[in-house]
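Working notes, beginning with the structure itself.
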Amino acid sequence: MPLFVIVILIVLGLVFIWLIYSLVWGTPPSINLAVERLSLKMILNNPEALTTLGVIDNTLLDFHSGQLTDVSPSAAQRKHQLDRESLALIRRYQGRDLSYQQQITIRMLLWYFDQNLRGHRFFYHWEPNSVFMGPYPVNHVFGVQIDLINFLTTYHQIKGQRSARRYIQRLNMIPSKIAGLLESLNLRQEAGVTPPRFVIEKSLRQIENFLSIPIEENPLYTSFTEKATASAQFPEYAIVRWQDRVKDAIENEVYLPYRLLQNYLEDSLALASDDDGVWKLPNGDGYYAFLLRNHTTIEATPEEIHRLGLDEAAAIEDSIQEVLEDLCLPTENPGAQLMALMADTQFHFSGENRRELIRRDYQDILDEINQKMPEVFSFGALDEIIVERLPEFREPDSPIAYGEAPSVDGSRPGRMWINLRDPDNIYQWGMRTLAYHEGIPGHVYQLAQAQKIKGLPTFRKTHFFNAYVEGWALYAERLGWELGLEDALSNLGRLQALLWRAARLVVDTGIHVKGWTRQEAIDYMVQTTGLPERDVVTEVERYIVMPGQACAYYVGYLKVLGLRQKAEAILGDKFQLKEFHDVIINSGALPLKMLELLVDDYIDQKAGFQKI
């Protein structure tokens with residue numbers, strides 16, 4: 001072999017070795033590759049999140065779908081170490097010659113990992129994902145005991161014998177998962193971090209209900225049967241055989257750890273109090289400040305947020321009074337009048353099939369506005385969105401609705417889940433606003449478009465910054481009104497929903513900083529918004545276990561709307577709504593200050609201003 005060929009091969013080999021080292025251990029040659037490496041490390045530690053994404057399950061790359069996510073203290077320590085290493089890696093790219101979007105990536109990740117490290121200062125901080133977080137791993141809203149069941153019944157796909165076998169493996173891992181959970185609970189309890197009494201009682205009720213259901217009606221059993229049958233990959237005799245294996249796993253691997261958790265929580269009741277706010281925790285004020293910054297992504301004190309809520313609620317009440325006057329209805333007490341309208345039976349559904357009628361109406365609302373999307377978005381309409389009823393075992397302590405992004409691989413469409421526990425609480429003039437928020441052009445639409453963004457690292461397309469995501473969804477409610485799809489009563493529903501989000505600023509800070517009781521928060525919310533007390537109770541109890549999260553909605557809404565108004569004022573006739581929406585969506589979710597810088601750059605470029 002000629003010498004020059006040998007030299008070339010040696011050089012190529014060294015380049016290959018350098019590239020592999022850089023990608024796996026060192027500093028990758030580009031920031032985007034670095035972010036992909038970090039994303040891979042994060043997702044490898046969370047097999048449940050990987051299944052939820054729906055990217056590689058039931059493929060040759062599926063190494064994870066027989067595993068569950070570790071929730072022990074050691075898992076939290078590993079995440080702490082990964083956050084430290086990640087921040088150090090991202091800092092290496094500062095000062096390099098980077099593209100515009102790469103600069104945004106660095107700023108975003110520096111903020112993200114720095115914020116994560118702030119959270120690690122509070123040993124009791126629990127963060128299963130970027131939205132659902134707080135001090136209590138067991139709670140009635142997103143606690144491990146209920147989310148694990150929901151994950152297995154909703155996200156684990158059954159496509160054949162291999163995925164069925166992996167399902168059994170996951171059931172067999174539940175004792176290990178609950179053991180790790182009990183370690184985490186013990187760590188908190190030893191330091192005096194115990195949930196409020198009602199949280200433990202409601203979590204116990206969920207476990208008791210789960211354990212008392214006949215095994216043939218257990219959701220872990222019924223969901224498997226439904227998915228296996230729908231797959232058309234099993235002959236009838238095989239389904240029966242697999243059903244027996246699932247039964248055996250539930251009886252011998254699932255029930256015992258849930259009973260152990262039940263016993264632990266029963267013992268914990270003696271330590272619980274009726275104090276609801278995180279002010280009671282070690283350095284609770286500092287913890288709430290951290291959560292408030294995490295969810296709103298702005299620098300604001302709890303007192304500033306509280307005052308903002310009071311001021312905005314008063315302004316929205318004025319707008320509601322104007323609409324009531326136009327409808328020739330009493331205006332003296334907006335909350336009481338809204339309550340009277342909600343109780344009016346002409347706006348309710350009746351009949352034995354009213355739950356299905358409600359679901360169909362939501363579907364019709366979303367199908368209608370979906371056809372309007374090409375008028376205001378360059379992305380056009382969604383291919384599909386489905387409205388589904390929330391599983392009954394989740395209804396008692398779940399919100400009235402939520403949106404779910406489609407799977408990345410397209411195998412699962414976007415969905416709007418609706419809580420139909422009490423159809424009498426659903427009134428027709430409030431349905432449009434909720435559908436626009438959760439579905440189109442709100443959560444499902446925005447998240448679906450974010451998945452399609454080209455040229456950005458996966459993390460930027462899939463990560464949630466709460467103020468951005470929820471702020472967009474509130475803006476989407478307004479957009480539905482601007483499209484002319486709402487009558488005066490539906491517009492009243494929009495304003496009521498906006499008032500509800502402004503009142504959240506008052507209630508959340510009231511509970512966690514000012515020492516409000518659960519009942520004080522419920523009374524304020526009912527009197528201010530006129531919402532049904534049962535729905536308000538669910539909401540307030542969510543704020544208690546998810547401190548600060550409820551503040552993201554209105555803060556984010558004010559920013560998105562304010563940026564649009566700024567662009568309209570400066571650009572005048574040059575302003576194009578589709579372009580503005582492209583700017584907001586095409587860079588993925590961002591902290592609000594970075595979103596403002598992005599829009600400012602768009603305005604400067606569109607207006608022809610010179611950069612200083």
#### Entry: Name of the residue among H437, E486, E368 meeting side-chain hydrogen bond (donor to acceptor under 3.5 Å, both in side chains) with R432
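Exactly one option meets the side-chain hydrogen bond (donor to acceptor under 3.5 Å, both in side chains) with R432, and it is E368.
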Would you give the length of the straight line joining atom [atom1] of [X] to atom [atom2] of [Y], rounded to the nearest 0.5 angstrom?
| X | Y | atom1 | atom2 | answer |
| --- | --- | --- | --- | --- |
| L558 | L563 | CG | CG | 10.5 Å |
| L338 | E317 | CG | CD | 9.0 Å |
| L420 | I400 | CG | CD1 | 11.0 Å |
| T462 | F464 | OG1 | CZ | 8.5 Å |
| T105 | I90 | OG1 | CD1 | 8.5 Å |
| I305 | D508 | CD1 | CG | 9.5 Å |

### Query
With a cut-off of under 6.0 Å to the ring centre and 45° to the axis, is R518 in cation-pi contact with F198?
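Yes, R518 sits over the ring of F198.
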Could you tell me whether the side chains of [X] and [Y] share a donor-acceptor contact shorter than 3.5 Å?
| X | Y | result |
| --- | --- | --- |
| E539 | Y543 | yes |
| D523 | Q519 | yes |
| R494 | Y436 | no |
| H443 | E470 | yes |
| E48 | Y155 | no |
| T458 | E36 | yes |
| T154 | R415 | no |

### Query
Does anything in residues 476-514 pair up under ring pair (Phe, Tyr, Trp, His ring centres under 6.0 Å), and if so which pairs, sequence neighbours excluded?
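The answer is Y288-H512.
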Would you confirm whether [X], through its side chain, and [Y], through its main-chain N or O, come within 3.5 Å as a donor-acceptor pair?
| X | Y | value |
| --- | --- | --- |
| N370 | L382 | yes |
| T297 | P591 | no |
| T528 | M525 | no |
| R121 | L117 | no |
| Q428 | S490 | no |
| H295 | C551 | no |
| R412 | T52 | yes |
| R460 | Q101 | yes |
| K280 | G515 | no |

Work out which heavy atom in [X] is nearest to a heavy atom in [Y]; give both atom names and the distance.
| X | Y | value |
| --- | --- | --- |
| D601 | Y100 | OD2-OH, 2.6 Å |
| D147 | V141 | OD1-O, 4.3 Å |
| I369 | P441 | CD1-CD, 3.7 Å |
| R188 | H125 | NH2-O, 3.5 Å |
| V540 | A521 | CG1-CB, 3.8 Å |
| G455 | N32 | O-ND2, 3.6 Å |

Taking [X] first and then [Y], would you say they form a salt bridge - that is, a charged N and a carboxylate O separated by under 4.0 Å?
| X | Y | answer |
| --- | --- | --- |
| E299 | K593 | no |
| R564 | E482 | yes |
| D83 | R118 | no |

### Message
According to side-chain hydrogen bond (donor to acceptor under 3.5 Å, both in side chains), who are the partners of H463, at least two apart in sequence or on a separate chain?
### Response
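Checked H463 against side-chain hydrogen bond (donor to acceptor under 3.5 Å, both in side chains); zero matches.
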### Message
According to side-chain hydrogen bond (donor to acceptor under 3.5 Å, both in side chains), who are the partners of E395, at least two apart in sequence or on a separate chain?
### Response
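Expected list: R389.
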### Task
Anything under 30° is parallel, anything over 60° is perpendicular, the rest tilted; go ahead and classify H80 against H120.
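The arrangement is parallel - the two ring planes meet at less than 30°.
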Check: [Y] and [X] side chains under 4.5 Å, non-hydrogen atoms:
| X | Y | result |
| --- | --- | --- |
| R542 | H140 | no |
| P195 | V138 | no |
| E596 | L592 | no |

### Query
Does the pair M342 and W429 meet the rule for a side chain to side chain contact (heavy atoms under 4.5 Å, CB included), with working shown?
CA-CA 9 Å; M342 287 188 303; W429 52 272; 3.4 Å; yes
### Query
Among Y124, W126, F123, which residue meets the ring pair (Phe, Tyr, Trp, His ring centres under 6.0 Å) test with Y287?
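Between Y287 and the candidates, ring pair (Phe, Tyr, Trp, His ring centres under 6.0 Å) is satisfied uniquely by Y124.
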### Task
I would like to know whether Y402 and N419 meet side chain to side chain contact (heavy atoms under 4.5 Å, CB included); could you show each step before the answer?
CA-CA 9 Å; Y402 63 86; N419 190 334; over 6 Å; no
